[in-house]
2 protein chains.
Amino acid sequence: MSYGSGGYNPYQPAGAGYNDGYSAPPGAYPPQNAQVSPEAQRWFNMVDRDRSGKINAEELQRALVNGRGEHFSDTSCKLMISMFDNDASGTIDVYEFEKLYNYINQWLQVFKTYDQDGSGHIDESELSQAFIQMGFRFSPEFIQFLVKKSDPQNRKEVSVDQFIVVCVQIQRFTEAFRQRDTQQNGVITIGFEDFLTVALGCSV
Amino acid sequence: MSYGSGGYNPYQPAGAGYNDGYSAPPGAYPPQNAQVSPEAQRWFNMVDRDRSGKINAEELQRALVNGRGEHFSDTSCKLMISMFDNDASGTIDVYEFEKLYNYINQWLQVFKTYDQDGSGHIDESELSQAFIQMGFRFSPEFIQFLVKKSDPQNRKEVSVDQFIVVCVQIQRFTEAFRQRDTQQNGVITIGFEDFLTVALGCSV
């Protein structure tokens, strides 16, 4: 994978037609607001292709390409929008976008750290290292399971969008588990309906 | 909702262009096989728009419309394909399709039973009745949670594709729970990694 000639850029433009239809220069639209960084504003303008002032999952997906040259998955784009879409409209505005932009950049930094061979995807060993760094000690079998779950095509590697999804899922489930693990011993006792609520509520 | 003038048809054609591009009459392609019912074969031919002999989630989605006149969700179509896609190719052949066809029809019969007002979607009360019939006793709060989870747009109703997804999820999680509920008392004790495996493994 190349992360773009200008360094590690989270928003790899998806092809030459990326900026089609724009007459205004990046940053000139919508009205500038001092609270949004120029960089986030510039990316927002490029991603918001219909210039609605809102970005939906489809627009986000069109703008994001992983290390395999594939667009980010539906799941990952919907997940990322939903995390910052406070009014459940399915879209985010420029202020919400800035938070998403920073969020993605943080994950990309983590991913880049563990993508030791710079291939644009991480293998089992690199994923295991990443989780250790995040404070998890998972068995090799569980790491294998995660890789297989993340990449159904069984390439035994995880791309950056798959990585974001699996990390968000594990964070959510871990938080739900921790709340119930009152003795902090890694084991919980849980009833059927509560189990279903956690399982369904935290799933992407 | 109208379920089509010809009765309760699971495969409502999605608009007039549905059968575009076909010169062969339904049933004439691919080579007939005695093991596939003529009805399933006919639907397969119509859904397989590119005549590849395989159906993917996009083709399925194009062919299925719920009671709101919306295409079935991405999630539901991917889920249904994945359930019968034995070689994890992302597609199903006509034999796998016949199983899916029967499967969808069974769910539609269940859905129709509980859609008492024939609206094409079911409300909390109807969903609660459906689960009771399936042998579940859920609290009103959990039913509310399910409806909200199923329909993020908060219309307080569940369409047939959302119904299929929620039922499959609950079946999967229930099976995983039951395997661990050795005393059959509705409570399990579960470790962190096993919890994550169930939560991630059964999620759609």
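The chains referred to below are lettered A, B, ... by the order of the sequence lines, with proteins before strands, and numbering in each begins at 1.
In this structure, the separation between CG on A:L196 and CG on B:L146 is 8.0 Å, given to the nearest 0.5 Å. Rounded to the nearest 0.5 angstrom, B:I188 CD1 and A:I188 CD1 are separated by 7.5 Å. Taken to the nearest 0.5 Å, the OG1 atom of A:T197 stands 4.5 Å off from the CZ atom of B:F142.
Contact of B:S82 with chain A is not made at all, since no heavy-atom distance falls under 4.5 Å. Using a 4.5 Å cut-off between heavy atoms, A:T174 touches chain B through backbone and side chain atoms alike. Of the two parts of B:K78, only the side chain, counted from C-beta on, holds a non-hydrogen atom closer than 4.5 Å to a non-hydrogen atom of chain A. With a 4.5 angstrom heavy-atom cutoff, A:V198 touches chain B only via side-chain atoms.
Other residues, nucleotides and ligands contribute more than 12 heavy atoms inside 6.0 Å of the CZ atom of B:R155. When the shell of 6.0 Å around CD of B:Q179 is examined, it contains more than 12 heavy atoms from other residues, nucleotides or ligands.
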Does B:F173 form a side-chain contact (heavy atoms from CB on, under 4.5 Å) with A:L200? I'd like the steps, not just the answer. CA-CA 9 Å; B:F173 285 122; A:L200 290 167; 3.9 Å; yes
Derivation and outcome, side-chain contact (heavy atoms from CB on, under 4.5 Å), residues A:I190 and B:I190: CA-CA 8 Å; A:I190 187 167; B:I190 188 168; 4.2 Å; yes
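Residues of residues 128-138 of chain A that come closer than 4.5 Å to chain B, counting heavy atoms only, are A:F136, A:R137, A:F138, ordered by residue number.
Counting heavy atoms from C-beta on, the side chains of A:V187 and B:F192 never come closer than 4.5 Å.
Formation of a donor-acceptor pair under 3.5 Å by the A:E193 side chain with backbone atoms of B:S139 is found in this model.
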